[in-house]
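Just below is one structure, and these are the notes that go with it.
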Amino acid sequence: MLDSRTLGVCGSKPTTARFSTTAKTTAPENLMNAAPDGSVIQRDAPRADLIAFEIKDKITKPDIEWMSAITDEAMKAHGKIDMLLIMSNYEGSALDAKFDGYANEVKVRSVAHIRKYVVVGAPMFARAMIKLSGTVIPVETKTFDLAEEAAAWAYLSEAGPAAT
């Protein structure tokens, strides 16, 4: 969200689907919460203003648009949100995903709506960008190793609701 190459765009489940939900994977738990091309799945979160996604592949344009629509709706519904991005198998973003107009618009607006942005399993270059962005924008950023996913969830749980 803060940077399409490293952070993606995240959000909560939309009430009306804007895009197809056909996924590459056939696992039943992923079909309802998977982006159109399956590179991203939405993970269940313990509160409505905490949005969680798992990156499982190279992010495609349809998938970044799906994530953007979900994020946009969450920001409108809650004002402030927390975001968790789990990069279990991040392979970058397709060129057309990096320059998607709608996704970039949502990313820009998200700076005013995200309280905590937590990334698990980010590559080293992404960690540096996430830490740097946290010093120049009004979003609290934090990174965890992939093996520390439970600690990331606990950190966000302890923070309490983002929406006031």
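This one's a predicted model, so the numbers in the text were calculated from it and none came from an experiment.
- A distance of 9.5 Å separates CD in Glu54 from CG in Leu84, rounded to the nearest 0.5 Å.
- The heavy-atom pair separating Asp63 from Gly38 by the smallest distance is OD2-N, 3.5 Å.
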So Lys98 and Ile59, side chain to side chain contact (heavy atoms under 4.5 Å, CB included) or not? Walk me through it. CA-CA 9 Å; Lys98 291 179 184 181; Ile59 301 171; over 6 Å; no
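- Inter-residue side-chain proximity for Ser133 and Thr141 is flagged as met; some heavy-atom pair is nearer than 4.5 Å.
- The two residues Trp66 and Ile41 come nearest to each other via the heavy atoms CH2-C, 4.4 Å.
- In terms of hydrophobic clustering, with Ile, Leu, Val, Met, Phe, Trp and Tyr side chains grouped at heavy-atom distances under 4.5 Å, Val139 and Val136 are assigned to a common cluster.
- Counting all heavy atoms, side chain and backbone alike, Phe144 lies closest to Lys142 at CZ-CE, 3.5 Å.
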As a quick check of understanding, evaluate side chain to side chain contact (heavy atoms under 4.5 Å, CB included) for Leu50 and Ile81, giving each step before the final call. CA-CA 6 Å; Leu50 169 56; Ile81 60 173; over 6 Å; no
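- Expressed to the nearest 0.5 Å, how far OG of Ser110 lies from CD1 of Ile137 amounts to 7.5 Å.
- Checked against Leu85 for a side-chain contact (heavy atoms from CB on, under 4.5 Å), the options Val120, Ile55, Thr143 give a single hit: Ile55.
- Criterion: ILVMFWY side-chain heavy atoms under 4.5 Å apart, direct or through other members. Under it, Phe125 and Leu132 are not part of a common hydrophobic cluster.
- Put simply, the side chain of Leu156 does not reach to within 4.5 Å of the side chain of Met83, judged on heavy atoms.
- Side chains of Ser39 and Lys58 form no contact here, defined as non-hydrogen atoms less than 4.5 Å apart.
- Within the 3.5 Å criterion, the main-chain N or O of Ala154 finds no donor-acceptor partner in the side chain of Ser157.
- The salt bridge (charged side-chain N to carboxylate O under 4.0 Å, His left out) analysis of residues 113-126, with sequence neighbours excluded, yields the pairs Asp82-Arg115, Lys116-Glu140.
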Walk me through it: do Arg109 and Asp72 pass the test salt bridge (Lys or Arg N to Asp or Glu O under 4.0 Å)? CA-CA 9 Å; Arg109 284 189 289 110; Asp72 203 7; 2.9 Å; yes
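- Residue Val111 is grouped with residue Ile64 when hydrophobic side chains (ILVMFWY) are merged at heavy-atom distances under 4.5 angstrom, including chains of intermediate members.
- Nearest heavy atoms, Val119 versus Met87: CG1-SD, 3.9 Å.
- Side chain of Glu149 to backbone of Leu146: no donor-acceptor contact under 3.5 angstrom is found.
- In this structure the side chain of Arg43 never reaches within 4.5 angstrom of the side chain of Asn33, judged on heavy atoms.
- Of all non-hydrogen atoms in Lys61 and Ala97, the two that sit nearest each other are N-CB, 3.7 Å.
- Of all the heavy atoms in Phe53 and Val40, the pair that sits closest is CD2-CG1, 3.4 Å.
- Using a 3.5 Å distance cut-off with no hydrogens or angles, the side chains of Asp37 and Thr60 do pair a donor with an acceptor.
- Of the possible donor and acceptor atoms, none in the side chain of His113 sits under 3.5 Å from a partner among the backbone N and O of Lys80.
- The closest side-chain heavy-atom distance from Glu148 to Trp153 is not below 4.5 Å.
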